S.K.: 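Dropping a structure here in structure tokens format, bear with me for questions.
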Protein chains: 2
Amino acid sequence: MFGPDDLIDHDGPITPYRQLAAILKARIARGDWRPNRPIPSEARLVQEYGLARSTVRRGIAELVAEGVLFVMPQRGTYVSPSDSTEGAEG
Amino acid sequence: MFGPDDLIDHDGPITPYRQLAAILKARIARGDWRPNRPIPSEARLVQEYGLARSTVRRGIAELVAEGVLFVMPQRGTYVSPSDSTEGAEG
DNA sequence: ATTAATTTGTTCGTATGTATC
DNA sequence: TGATACATACGAACAAATTAA
């Protein structure tokens, strides 16, 4: 549906926050950010995708609810340690 | 029967909502709105064609049933992605 | 300890769209 | 026709904790 390099389509049928969630998930799957590593800050994602912070937070909340991400207040948002999707490389 | 630039004939033999459906279909065929792009809001169509909102919704429902349009609740009404009429856009 | 920058948490206001009554 | 509800998006402001100088 949405690839790692897709941009947000503000007028599309899919809401921006869902697009962002799909994009972030794709980027995680691709390996842009590894388990227990932080994803870019909300402010950074705002710049990168041209979204309001509230929208970015909504997209992140979506992935937190799915268990893909977890938030450490005042510290950052991190990729959850995947138990099965564990990619063994290196 | 009805062209893209036709107006609604409130006294004609064809019901307004069918006229609207035909007009919208003609406008889509003409390219006023592309696949996966939103058509004007219900409120906008009410103004533009001088119809009651319920009538506009009925006309839209007609095209949704035909697969010409699809509705994303709380977001908007969109032109269905045509599998064959697929226009190559940038 | 101070100061400043960074980052998430929270709330309010405004706007737009469909859904329902 | 009109009013209300619900979902979404943007913008702004401030709080609180972390981090670095």
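Chain letters run A, B, ... following the sequence lines, proteins first, then strands; residues in each count from 1. Remember, predicted model here, so these are calculated numbers, not experimental data.
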S.K.: In this structure, how many angstroms lie between the C1' atom of dT16(C) and the OH atom of Tyr78(B), rounded?
M.R.: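 About 11 Å, once rounded to whole Å.
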S.K.: Between dT18(C), dT18(D), dT8(C), which nucleotide has the shortest distance from any of its atoms to the side chain of Arg75(A)?
M.R.: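 Nearest to the side chain of Arg75(A) among the choices is dT18(D).
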S.K.: How close or far is atom C1' of dC12(C) from atom CZ of Arg53(A), stated in whole angstroms?
M.R.: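 For the pair Arg53(A) CZ and dC12(C) C1', the rounded distance is 14 Å.
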S.K.: Between dA7(D), dT8(C), dG11(D), which nucleotide has the shortest distance from any of its atoms to the side chain of Ala52(A)?
M.R.: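 That would be dG11(D).
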S.K.: Would you indicate which nucleotide in dA19(C), dT1(D), dT8(D) comes nearest to any side-chain atom of Gln74(B)?
M.R.: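 That would be dA19(C).
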S.K.: What integer distance in Å separates His10(A):NE2 from dG11(D):P?
M.R.: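 After rounding, the gap between these two atoms is 9 Å.
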S.K.: Please work out if Thr55(A) contacts a base, only the sugar-phosphate, or nothing of the nucleic acid, heavy-atom cut-off 4.0 Å.
M.R.: sugar-phosphate
S.K.: Starting the side chain at C-beta, find the nucleotide from dT8(D), dT10(C), dA19(C) nearest to Pro73(B).
M.R.: dA19(C)
S.K.: Return the nearest nucleotide to the side chain of Ser41(B); candidates are dT8(C), dC10(D), dT18(C).
M.R.: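 Nearest nucleotide to the side chain: dT18(C).
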S.K.: If I take atom CD1 in residue Ile14(A) and atom P in nucleotide dT8(D), what distance separates them, rounded to the nearest angstrom?
M.R.: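 Ile14(A) atom CD1 is separated from dT8(D) atom P by 12 Å.
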S.K.: Please pick, from dT1(D), dT8(C), dT18(C), the nucleotide with the shortest atom-to-atom distance to any side-chain atom of Ser54(B).
M.R.: dT1(D)
S.K.: Provide, to the nearest angstrom, the distance between the CD atom belonging to Gln47(B) and the P atom belonging to dT1(D).
M.R.: 12 Å
S.K.: I'd like to know if Arg37(B) pairs up with Asp32(B) as an ion pair, taking the criterion as any Lys NZ or Arg NE/NH1/NH2 lying under 4.0 Å from an Asp or Glu carboxylate oxygen.
M.R.: no
S.K.: As a quick check of understanding, evaluate side chain to side chain contact (heavy atoms under 4.5 Å, CB included) for Leu7(B) and Asp9(B), giving each step before the final call.
M.R.: CA-CA 6 Å; Leu7(B) 295 180; Asp9(B) 178 3; over 6 Å; no
